[in-house]
There are 2 protein chains.
Amino acid sequence: MTSTRAGGGGRREQTRQKLFVAAQQLIAEQGFSATSVDEIAERAGVAKGTVYYNFKNKNELFEELLRHGVGLLNASLREAGAGREGAPIDQLDAMIRAGLAFIEQYRAFARLLLSELWRTNRAWQSTLTLLREEAVSVVRGALDDAVAAGELREDLDTGLVAAAVFGMVLVVAVDWLTFQPERSLDDVHAVLSTMVRGRLAAE
Amino acid sequence: MTSTRAGGGGRREQTRQKLFVAAQQLIAEQGFSATSVDEIAERAGVAKGTVYYNFKNKNELFEELLRHGVGLLNASLREAGAGREGAPIDQLDAMIRAGLAFIEQYRAFARLLLSELWRTNRAWQSTLTLLREEAVSVVRGALDDAVAAGELREDLDTGLVAAAVFGMVLVVAVDWLTFQPERSLDDVHAVLSTMVRGRLAAE
DNA sequence: TCTTTTAGACTGACCAGTCAGTACAAAAAG
DNA sequence: CTTTTTGTACTGACTGGTCAGTCTAAAAGA
């Protein structure tokens, strides 16, 4: 049993969170293979045995970390798109902003995602592909709405554009935080917003 | 001496090429740390010692591989931008196409670049940052030309846009080749072209 | 009491890098 | 022409070290 089970409480759950945070940072810096379990345990301030008490093995820890992070990302995107007041294209815009904000908050996770997402032949590849599909489909939903509302061209390949937007936001945000961290979110958002609203808009 | 030394000949040079190809594939699939020197040697059809005869160590092999690949990419971009006949914006368009074509040809290298480019704390990080700067500045040159010619808005932050375009092309291309390889280059190029030409254009 | 965590010793697999030696071609010597 | 030397390229067994995962006995929560 997961004991008391409060919202974020539970002794075990706290330990798992500490391990997630530590693993996230280290793997973002060094990569999965270059990060040892001993390091993760040490940074989390926990004994090595605890890692194996809470997770089956190193791979499992990483996969759960991925699921957890992408879950947060998707929730954030959905919430941004849920605001029914604006025009569909504004919802897309809100999603882009939400994506940037998420990455700003969880930079380590974003970097790690960027590094691992397009890799082949790894144990967690299928998990990751699935999670990507989910996130892209959220964006695609917003695009489809915009097309239906006549705000975007009818001949738009929303699948491809959604993938493009998803990737673009991810890579631009990480690039921003890595090489030009002094810039503001608004700055970056403005550029992406401009690009997306550009010729995609119905004339 | 490097023996006979023909244009692309030379026994040693051939061996190095074989090692580059093997390392590229394996590292794209598994990542740098997860790829052993034994594996690289085996796939190249060469003894392990040969790797160390030709390169100081594993890191050095990887760094030279990166320099080599980014060199090819930059040459390709410059060539695409050099066509003086079209309008500046068309040169940018040509660069995007060249980028896509390059990635289509050297998918493994592109994947590897995508995985390693935004990683921190690695030995080759400075090399990679430098190479990125170079590639981005080529794109930026085209953007600056377009602004000077009045084809793009004057208030455009060409540095940020160049980084965005570079990252976008890289990520979209890899995404395309990984998840929708049946699509044509033209298809993908059309979407990116539309986005770049969109609102960035002077009204 | 039952669960969770600790501290860390240990094992077996794997791996980066080394090194003594082989293969071979071209030059020098006889 | 034949033999010897020299330099280059390559080989693969070996070494020292690292790391994932196991295990245990005991402490700390709840």
Side-chain angles (χ1 to χ4, degrees), chain A residues 1-27 29-66 112 116 121-124, chain B residues 1-6 8-27 29-66 116 121-124:
Chain A
M1 292 295 113
T2 23
S3 68
T4 21
R5 289 275 36 227
R11 183 147 85 111
R12 190 164 180 183
E13 197 48 45
Q14 280 185 356
T15 303
R16 288 169 63 97
Q17 286 298 327
K18 280 195 289 183
L19 285 169
F20 277 158
V21 171
Q24 216 173 346
Q25 291 173 350
L26 287 164
I27 295 175
E29 287 164 16
Q30 310 173 323
F32 175 79
S33 302
T35 300
S36 71
V37 174
D38 292 83
E39 277 178 298
I40 295 172
E42 192 190 343
R43 177 151 330 176
V46 136
K48 187 178 183 177
T50 305
V51 176
Y52 287 93
Y53 182 77
N54 284 282
F55 299 94
K56 211 176 106 224
N57 53 37
K58 192 184 168 187
N59 265 312
E60 198 81 1
L61 162 59
F62 188 48
E63 278 201 45
E64 290 203 31
L65 169 59
L66 289 174
L112 167 170
E116 300 296 340
N121 293 7
R122 301 259 72 194
W124 55 79
Chain B
M1 293 297 112
T2 25
S3 68
T4 22
R5 289 274 37 226
R11 183 144 90 109
R12 190 165 180 180
E13 197 47 45
Q14 281 185 355
T15 303
R16 286 170 64 97
Q17 286 298 327
K18 280 195 289 184
L19 285 169
F20 275 158
V21 171
Q24 217 173 346
Q25 291 173 350
L26 288 164
I27 296 175
E29 288 164 15
Q30 310 175 322
F32 175 80
S33 302
T35 300
S36 71
V37 174
D38 290 83
E39 277 178 298
I40 295 173
E42 193 190 343
R43 179 156 321 181
V46 135
K48 187 176 187 176
T50 304
V51 176
Y52 288 93
Y53 181 77
N54 284 282
F55 300 94
K56 209 176 108 224
N57 53 37
K58 192 184 169 189
N59 265 312
E60 198 81 3
L61 162 59
F62 188 47
E63 279 201 43
E64 290 202 31
L65 170 60
L66 288 173
E116 301 296 341
N121 294 6
R122 302 259 72 193
W124 57 78

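Lettering of chains follows the sequences in order, A, B, ..., and the numbering in each one begins at 1.
- Between B:Val37 and B:Asn57, every side-chain heavy-atom pair lies at or beyond the 4.5 Å cut-off.
- Atoms OH (B:Tyr53) and C1' (C:dG21) sit 14 Å apart, rounded to a whole Å.
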Scan nucleotides 12-18 of chain D against the protein and return all N/O pairs shorter than 3.5 Å with their distances rounded to 0.1 Å.
unit_1, atom_1, unit_2, atom_2, d
D:dG12, N7, B:Gly49, N, 3.4

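- Atom-to-atom, CZ of B:Arg16 to P of D:dT8 comes out at 15 Å; the value is rounded to the nearest Å.
- What separates CG of B:Asn54 from C1' of D:dT11 is a distance of 13 Å, to the nearest Å.
- Taking atom CD1 of B:Ile40 as the reference point, atom P of C:dA16 lies 8 Å away to the nearest angstrom.
- Nucleotide C:dA7 holds its C1' atom 16 Å from the OH atom of A:Tyr52, rounded to whole Å.
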Quiz item: Going through the checks in order, is the side chain to side chain contact (heavy atoms under 4.5 Å, CB included) test met by A:Leu66 and A:Leu112?
Solution: CA-CA 9 Å; A:Leu66 289 174; A:Leu112 167 170; 3.6 Å; yes

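- No side-chain heavy atom of B:Tyr53 sits less than 4.5 Å from a side-chain heavy atom of B:Thr15.
- Under the 6.0 Å cut-off for aromatic ring centres, A:Phe20 and A:Phe62 do not qualify, their centroids lying 6.0 Å or more apart.
- Remark: C1' of D:dC10 and CD of B:Gln14 are 14 Å apart, rounded to the nearest angstrom.
- Contacts of A:Thr35 classified as side chain to side chain donor-acceptor pair (under 3.5 Å), with partners at least two apart in sequence or in another chain: A:Gln30.
- Within the cation-pi definition used here (under 6.0 Å to the ring centroid, within 45° of the axis), B:Lys58 qualifies as a partner of B:Phe32.
- Look at CG on A:Leu19: it is 11 Å from C1' on C:dT5, rounded to the nearest Å.
- When the P atom of D:dC10 is taken as reference, atom CZ of B:Phe55 falls 11 Å away, rounded to whole Å.
- Contact annotation: A:Arg11 side-chain N/O to C:dT4 OP1/OP2 distance is not under 4.0 Å.
- A:Glu13 places a side-chain heavy atom less than 4.5 Å from the side chain of A:Arg16.
- Within 4.0 Å of A:Thr35, counting heavy atoms only, lie sugar-phosphate atoms of the nucleic acid but no base atom.
- Across residues 56-65 of chain B, B:Asn57, B:Lys58 each have a non-hydrogen atom less than 4.0 Å from an atom of DNA chain C (numbered order).
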